[in-house]
Number of protein chains: 2
Amino acid sequence: MSGQRLGPATPRQRPVPEATVARLPVYHRALATCAERGLTTVSSSDLAAAAGVKAAKLRKDLSYLGSYGTRGVGYEVAHLLACIGQELGIAQQWAVVIVGVGNLGHALAGYAGFASRGFRVAALVDADPVRAGGSVAGLAVRPLEELEDAVVSCGASIAVLAIPAPAAQEVTDRLVAAGVTSILNFAPTPLVVPAGVDLRKVDLALELQILAFHEQRKADLARGAAG
Amino acid sequence: MSGQRLGPATPRQRPVPEATVARLPVYHRALATCAERGLTTVSSSDLAAAAGVKAAKLRKDLSYLGSYGTRGVGYEVAHLLACIGQELGIAQQWAVVIVGVGNLGHALAGYAGFASRGFRVAALVDADPVRAGGSVAGLAVRPLEELEDAVVSCGASIAVLAIPAPAAQEVTDRLVAAGVTSILNFAPTPLVVPAGVDLRKVDLALELQILAFHEQRKADLARGAAG
DNA sequence: AACTGTGAAGAACTTCACAGCA
DNA sequence: TGCTGTGAAGTTCTTCACAGTT
């Protein structure tokens with residue numbers, strides 16, 4: 001890594017709030033767009049607009065990483081891009097194991113957005129003997145018995161779970177035992193992991209149900225106003 | 001607005017916080033599991049454990065919907081299931097239009113979790129002439145020119161966007177103009193919608209980037225402790 | 001005795017508004 | 001003057017702890 005050896009490497013900042021962490025990738029993407037357009041500097045308000053947040057929020061978020069802007073001018077695009085990229089570990093290639101190659105897992109295995117962000121789908125695992133043995137997106141699908149070996153042999157610390165809910169906890173336990181320390185869960189069930197293991201969930205039906213709740217309210221409102 | 005209808009339909013509670021709304025589907029699912037197991041009542045602590053939250057949080061969440069529990073006993077499973085189901089519009093069939101039938105849209109079109117939660121994928125639309133005209137998951141894929149017609153003819157108020165980022169805002173505008181009032185966005189770009197339209201986003205690469213951030217911190221920490 | 005419902009305290013996050021610097 | 005960085009205020013969400021009910 002050609003990282004600077006002085007302060008900037010890991011200057012032990014005040015801890016970055018989780019809400020801020022969740023926006024850093026958005027800022028990174030917005031900055032990349034700015035760079036593509038040939039901009040060399042951006043103001044907080046322009047960048048915030050591109051990222052879909054308020055300017056004050058963006059400035060406070062960046063302040064947790066340090067002072068990267070110039071008063072009266074704005075932020076230097078390339079520099080800020082590099083700083084946020086370093087925080088996110090963009091330079092590094094993260095090996096990811098996907099467990100479950102059904103409908104969804106199949107799509108995730110071929111999702112271009114992962115590769116372009118530094119994630120390499122390093123192994124696919126599936127419990128179904130029909131699927132295991134085949135290959136998806138140019139990668140062999142391995143049987144569930146080889147889960148641990150798949151994790152260890154590619155050195156993955158991140159796993160994606162795209163399996164039915166009933167199997168999710170057991171597979172999670174095995175992943176953690178094999179050395180995985182971050183899990184992205186698509187199974188619609190809560191998972192328990194030991195301290196030190198990060199867990200995020202994506203629940204597709206839930207997202208629609210939240211929208212349906214609001215649709216329902218809108219309909220009730222309209223009915224109340226009209227009738 | 002002033003007149004309370006007092007009917008069973010909309011007892012006009014204090015407004016339900018957004019964070020609570022986002023958990024109602026989780027509770028609903030946990031309750032469904034309880035019902036399958038033949039339980040007739042559950043305590044807040046048992047239900048909370050099944051939903052992966054703390055008991056106090058669950059009780060406060062439910063308190064926004066009304067008083068459905070019995071002190072000293074717990075909640076009647078069937079009753080609470082019905083109450084939450086009503087809030088979420090479970091009884092209703094929501095027609096959903098999916099725009100973009102690539103890798104991800106294809107998987108979403110065939111996702112069983114939608115159908116089982118009251119969502120009917122009513123139309124598929126894609127800009128690619130090769131895909132349009134074909135069929136996916138037993139449904140014809142219509143060209144982008146027919147977007148408005150697809151929305152109107154199936155009466156969909158909910159749309160799912162699984163298209164590349166550059167096209168997302170324009171398609172959004174057209175969807176809104178055609179009458180869509182809720183959008184689930186998978187395109188990695190911020191969208192602007194008018195007031196009254198609900199918008200949620202699912203950003204798959206972002207989720208992994210958040211995990212990578214924490215992986216990076218863990219690695220830094222280990223390095224600091226060891227070397 | 002057991003368990004819910006909730007006011008009050010606490011924590012996290014957002015927004016404001018302005019001091020401070022280029 | 002223009003824009004960043006940030007203390008302070010405001011808002012939302014979570015947790016606590018206990019009064020109230022069966």
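Naming convention: chains lettered A, B, ... in sequence-line order (proteins, then strands); numbering from 1 in each chain.
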Between CG of L58(B) and C1' of dC16(D) the distance, given in whole Å, is 16 Å
Rounded to whole Å, CG of D61(B) lies from P of dT15(D) at a distance of 11 Å
Sorted by chain and residue number, the side chain to side chain contact (heavy atoms under 4.5 Å, CB included) partners of A22(B) (sequence neighbours excluded) come out as I210(A)
For Y111(B), the ring-ring contact (aromatic ring centres under 6.0 Å, His included) test, sequence neighbours excluded, returns F114(B)
| request: Report yes if a side-chain nitrogen or oxygen of S43(A) is closer than 4.0 Å to either non-bridging phosphate oxygen (OP1 or OP2) of dC3(D); otherwise report no. | output: no
E18(B) CD to dT14(D) P, in whole Å, measures 11 Å
For a quick test of reading the model: is some side-chain N or O of Y75(A) closer than 4.0 Å to OP1 or OP2 of dG5(D)?
yes
For residues 191-198 of chain A, dump all side-chain donor-acceptor pairs below 3.5 Å to protein atoms at least two apart in sequence or in another chain.
residue: D198(A); atom: OD2; partner: K218(B); partner atom: NZ; Å: 3.0

When rounded to whole Å, the NZ to P distance for the pair K57(A) and dA8(D) reads 22 Å
Whole-Å distance, E76(A) CD to dC3(D) C1', equals 16 Å
From NZ of K54(A) across to C1' of dG10(D) the rounded distance in Å is 13 Å
Picking from dC13(C), dT4(D), dC16(D), the nucleotide nearest the side-chain atoms of S44(A) would be dT4(D)
note: Y68(A), atom OH; dT6(D), atom P; distance rounded to Å ~ 12 Å
In whole angstroms, the gap separating C1' of dG5(C) from NZ of K60(B) amounts to 8 Å
* Check step by step if salt bridge (Lys or Arg N to Asp or Glu O under 4.0 Å) holds for R217(A) and E87(B). => CA-CA 9 Å; R217(A) 292 261 151 156; E87(B) 289 285 339; 3.0 Å; yes
> Taking only side-chain nitrogens and oxygens of S67(B), does any of them come within less than 4.0 Å of OP1 or OP2 of dG5(C)?
Replying inline: yes
Here the salt bridge (Lys or Arg N to Asp or Glu O under 4.0 Å) pairs for residues 171-182 of chain A, sequence neighbours left out, are E148(A)-R174(A)
- prompt: Will you find, in the side chains of S157(B) and E215(A), an N or O donor that is under 3.5 Å from an N or O acceptor?
  reply: yes
With sequence neighbours left out, the residues meeting side-chain hydrogen bond (donor to acceptor under 3.5 Å, both in side chains) with D203(B) are R29(A)
Readout for nucleotides 17-22 of chain D: B = base within 4.0 Å of protein heavy atom, S = sugar-phosphate only, - = neither; 5' to 3' it is B-BBBS
